[in-house]
Number of protein chains: 2
Amino acid sequence: MTERDTIPASGKAAYITEEVRRRIIEKEWRQGDRIPDEAALAAEFGVARATVNKALQLLADEGLLDRRRRAGTRVAVNPVRKATFSIPIVREQIEAAGKSYSHRLISQSRSPLPARRAEQLGLSPGEVLIHLRAVHYGDRQPFQLEDRWINPRAVPGIEEVDFHHLNANEWLVRNAPYLRAELTFSASNAGVRDARLLDTEPEQALLILNRTTWNDIGPITAVRLAFHPGYAMSATT
Amino acid sequence: MTERDTIPASGKAAYITEEVRRRIIEKEWRQGDRIPDEAALAAEFGVARATVNKALQLLADEGLLDRRRRAGTRVAVNPVRKATFSIPIVREQIEAAGKSYSHRLISQSRSPLPARRAEQLGLSPGEVLIHLRAVHYGDRQPFQLEDRWINPRAVPGIEEVDFHHLNANEWLVRNAPYLRAELTFSASNAGVRDARLLDTEPEQALLILNRTTWNDIGPITAVRLAFHPGYAMSATT
DNA sequence: TTTGCGGATATGTCTAGTCTTATTTGAAAA
DNA sequence: TTTTCAAATAAGACTAGACATATCCGCAAA
């Protein structure tokens, strides 16, 4: 048995998190096992109970531990792990890849909402919203196709904005913070128009990201993003 | 101006989180603004500074606030919001949808690692790993196609397991907890074999989830999941 | 004008303690 | 045997205070 690493003066909670994670990975504590309670761990590590609490809460959020009052803390039997990905701003995503960003507005209009979108937004079909279609380019290569509906009632001031030279994503991010968002990934075959705009072949499989956001007034926007073939969206734990 | 909601005795941190979120959404505090410091908010809400700290840290993790020592807390200018989705166990996912789960092992063998997978796992091409292919069904309809490589060196005991009647996903989840995972979403056109196994047409767009996991010994497994057409993976904020 | 330094400041982190609350467990009552 | 109830327990939440640390800002020296 090697000597225990010394506990740093600052970062004790992080140290405990890692140590507990290690004990689980190395099967010192097995799935379903009850682990020592907060008071016992606090004594073992020579820290306050609040510090242990912080460390264990983090692992519980991750899905590695199950914690219940009075019942204690157990190593999760079916660790339902969570993954997080950040929702990037297209421009930043493209520029982070070292490419030069540009975009082209295909259409901007006030149109009646089609049924599918109405359902997504929780509004009535036929209601008139702002409809935008745009393509985002990296080094002049099409990267992402955007099809967006915006609810002007949830976003005062949107009616006056001209998106020919302004990116809708960025404008909304800065001017219409949301309370809640829903997003889904799916795949679909490129239509003829999609293929032309993305400079690919019809029937090519495209990764689709649908996102709808709400604030306290109501739905803000529903957007369908189709990515250029080959693009992979990545997430980490 | 309506009377401020009374602060609950328990859940003060949650109350403050929501109140700060509301002030941002309703533009009382605008993007880029410096907000009052922890001590001031603690005084305003009549709580300890640690409680305010907990509330603000949560919003900073969400990406709504930028916090820096000495510089204070600001409303994020480009709120890079994060979304989380849980990585489900196929069986639970199917049973949660009210369907009956079954699975079929197509092949289980020890095979040399192809180049693409070797790169994904960080191992040498040609190294011999366990290769599994299986289909997961909901109510006898194919739902997911699994193509998995497992590194036996990282998972002692795996060699003896027969996956004909046991789901590899579940066995690994319970017996090989991971430290780190990487996952990517992409789309690809169904090949002839994919199409047959998923009961669909060749060239149909499929949502692909690639996942690789590591523990302290090394890479555990790399898996490619192809979903039945029409399936959408959803996440929330 | 620029650079370097020191003090001020806001967040980061921890402690030792209190009180709350969900849940379990065991004992008593039906 | 089953139900009910009270005590015990472990996590959840908070407080008041302390110290650590990154970094901003102004002032002085180069």
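Predicted model, so just to flag it, every value in this text is computed and none were measured.
Within residues 67-81 of chain A, the residues having any heavy atom under 4.0 Å from DNA chain D are, by residue number, A:R67, A:R68, A:R69, A:R70, A:G72, A:T73. Using a 4.0 Å cut-off on heavy atoms, none of the residues of residues 27-41 of chain A approach DNA chain C. Using a 4.0 Å cut-off on heavy atoms, the residues of residues 48-58 of chain A that approach DNA chain D are A:R49, A:N53, A:Q57, listed by number.
Legend: salt bridge (charged side-chain N to carboxylate O under 4.0 Å, His left out) pairs involving residues 63-75 of chain A, not counting sequence neighbours, sorted by first then second residue: A:E38-A:R67. Sorted by first and then second residue, the pairs that involve residues 49-99 of chain B and meet ring pair (Phe, Tyr, Trp, His ring centres under 6.0 Å), not counting sequence neighbours, are A:F85-B:F85, B:F85-B:F185. Annotation: salt bridge (charged side-chain N to carboxylate O under 4.0 Å, His left out) contacts involving residues 84-93 of chain B, sequence neighbours excluded, comprise B:R91-B:E95, B:R91-B:E170. The list of ring pair (Phe, Tyr, Trp, His ring centres under 6.0 Å) pairs with a residue in residues 51-77 of chain A, not counting sequence neighbours, is empty.
Scanning DNA chain C 5' to 3' for nucleotides with an atom closer than 4.0 angstrom to a non-hydrogen atom of chain A gives a first and last hit of C:dT13 to C:dT25.
For B:R22, the side chain to side chain donor-acceptor pair (under 3.5 Å) partners are B:E19, B:E26, B:E28, not counting sequence neighbours. Scanning for side-chain contact (heavy atoms from CB on, under 4.5 Å) contacts around B:L58 gives B:T17, B:E62, with sequence neighbours left out. Not counting sequence neighbours, the partners of A:H103 by the ring pair (Phe, Tyr, Trp, His ring centres under 6.0 Å) test are A:H136. Qualifying side-chain contact (heavy atoms from CB on, under 4.5 Å) partners for A:K54, counting only residues two or more places apart in sequence or in other chains: A:A13.
Using a 4.0 Å cut-off between charged side-chain N and carboxylate O, A:R23 and A:D33 make no salt bridge. Remark: A:E119 does not engage A:R117 in a salt bridge, criterion side-chain N to carboxylate O under 4.0 Å.
Ring to ring, A:Y137 and A:Y101 are not that close: their centroids are 6.0 angstrom or more apart.
The nearest pair of heavy atoms linking A:L179 to A:D216 is CD1-N, 3.7 Å.
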